[in-house]
Amino acid sequence: MMSKDEIESAVISHGFTDYKWIDPKVIVVAHWVRVKCTFGCSDYGLGTCPPNTPSVNDCDRFFKEYETGLIIRLTKYADRNAYPTEWSREMTNKLLDIEREVFLSGYQKAFLLNQTCCTLCKDCSGNRILCKDKTKSRPSPESFAVDVYQTVRNAGLDINVIAMNPSEIHRIAILLIE
Ligand code: SF4
């Protein structure tokens, strides 16, 4: 089973240097996040987004089943009208590699909340049953009702609403480990 140092080495070797260990039991889960997914987000209905995710209360209970986790913060200069999808796909694959490495070392509950809603396919099926890549699709923290802003700030990292476009943006992944 990988030690914390070995997990950090794996994270860094994939190019992620901005991360914090957290106790998943203090991840902030909130109903307002689910409301924002449902009303106002163009990704609503994608295969790993609401309504294809557990209820807010079940998400809250899910995080409490874990002993430890990592918040991984990604930074990218991006234009929301020309989102860097290739970069995003590359980051997702690296994060999945880390999840697999951690899992294979003996952490049977290892699970990644990805840095974006699943965009592995050009045309998402829009539901779990018909998902075209079931082994790689992972939900985002937001789709599991995580108040990302408060959770990241509680971990001691900065995150703010971005008003300018294009601009430097942050994407947040959470790797749950036990
Ligand atoms: S793998 Fe494809 S079909 Fe499945 S959730 Fe992701 S984008 Fe949708």
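Atoms considered below: every heavy atom in the structure, side chains included; atoms not considered: hydrogens, waters and symmetry mates. Numbering of ligands and ligand atoms starts at 1, following listing order. Note that the coordinates shown come from a computational prediction; the quantities given were computed from them, not determined experimentally.
Of all protein N/O/S atoms, those under 2.8 Å from atom 4 (Fe) of ligand 1 are Cys131 SG, and waters are not counted.
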How far apart are the C-alpha atoms of Tyr66 and Ile174, what are their side-chain angles, what is the distance that settles it, and do they pass the side chain to side chain contact (heavy atoms under 4.5 Å, CB included) test? CA-CA 12 Å; Tyr66 282 85; Ile174 301 176; over 6 Å; no

Applying side-chain hydrogen bond (donor to acceptor under 3.5 Å, both in side chains), run through Arg128 and Ser137 and close with a yes or a no. CA-CA 9 Å; Arg128 297 305 313 137; Ser137 63; 2.9 Å; yes

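A salt bridge does not link Lys94 with Asp97: none of the charged nitrogens is closer than 4.0 Å to a carboxylate oxygen.
Ring-plane geometry between Phe144 and Phe111 is classed as tilted, the angle between the planes lying from 30 to 60 degrees on a 0 to 90 degree scale.
Taking Lys136 as the reference, Asn93 meet the side-chain hydrogen bond (donor to acceptor under 3.5 Å, both in side chains) condition, with sequence neighbours excluded.
Counting heavy atoms from C-beta outward, Gln115 and Lys76 have side chains that stay 4.5 Å or more apart.
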